[in-house]
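Note sheet for the following structure.
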Amino acid sequence: MSAAKRRVTLTPYPDGPILMRGDVDLRTAEGDLIEVNRRTVALCRCGLSSIKPFCDGTHKAAGFRTDDENETESP
Ligand code: FES
């Protein structure tokens with residue numbers, strides 16, 4: 001990782017995705033690079049997104065719930 005890359009942070013949101021900020025190589029299970037054009041992306045953790053690994057908002061309609069008290073409030 002070059003010095004110019006930003007430190008990566010992962011922030012889970014209650015009843016929603018994990019926001020990933022920073023420069024990271026995101027890959028498929030086969031090791032193929034997934035192109036990410038933004039420095040902040042929402043990663044699905046409900047398992048229902050049609051664009052995995054990214055969140056497409058389906059968690060809201062599905063009523064996905066988390067119970068982690070240490071999560072940040074939704075943006
Ligand atoms: S967390 Fe948003 S669609 Fe899964």
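Counting starts at 1 for both ligands and their atoms, in listed order.
- Residue contact check: Arg45 has heavy atoms under 4.0 Å from atoms 1 (S), 4 (Fe) of ligand 1.
- Side-chain contact between Leu33 and Leu26 is absent, with no heavy atoms from C-beta onward closer than 4.5 Å.
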Run Glu35 and Asn37 through side-chain contact (heavy atoms from CB on, under 4.5 Å) and show every step you take. CA-CA 6 Å; Glu35 189 168 334; Asn37 297 321; 3.1 Å; yes

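- The distance from ligand 1 to the heavy atoms of Ser49 drops below 4.0 Å at these ligand atoms: 3 (S).
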Which is it for Leu19 and Leu10 under the side-chain contact (heavy atoms from CB on, under 4.5 Å) test, yes or no, and what are the steps along the way? CA-CA 6 Å; Leu19 289 194; Leu10 299 170; over 6 Å; no

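- For a distance bound of 2.8 Å, the N, O or S atoms of Cys44 include none lying that close to atom 2 (Fe) of ligand 1.
- Atoms of ligand 1 found under 4.0 Å from any heavy atom of Asp56 (numbered from 1 in listed order, with element): 3 (S).
- For atom 2 (Fe) of ligand 1, the closest non-hydrogen atom of the protein is His59 ND1, 2.2 Å.
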side-chain contact (heavy atoms from CB on, under 4.5 Å) between Phe64 and Thr58, intermediate numbers included: CA-CA 9 Å; Phe64 176 67; Thr58 300; over 6 Å; no

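- Here Cys46 does not reach atom 2 (Fe) of ligand 1: none of its N/O/S atoms is less than 2.8 Å from the metal.
- The two residues Asp15 and Arg65 come nearest to each other via the heavy atoms OD1-CA, 3.2 Å.
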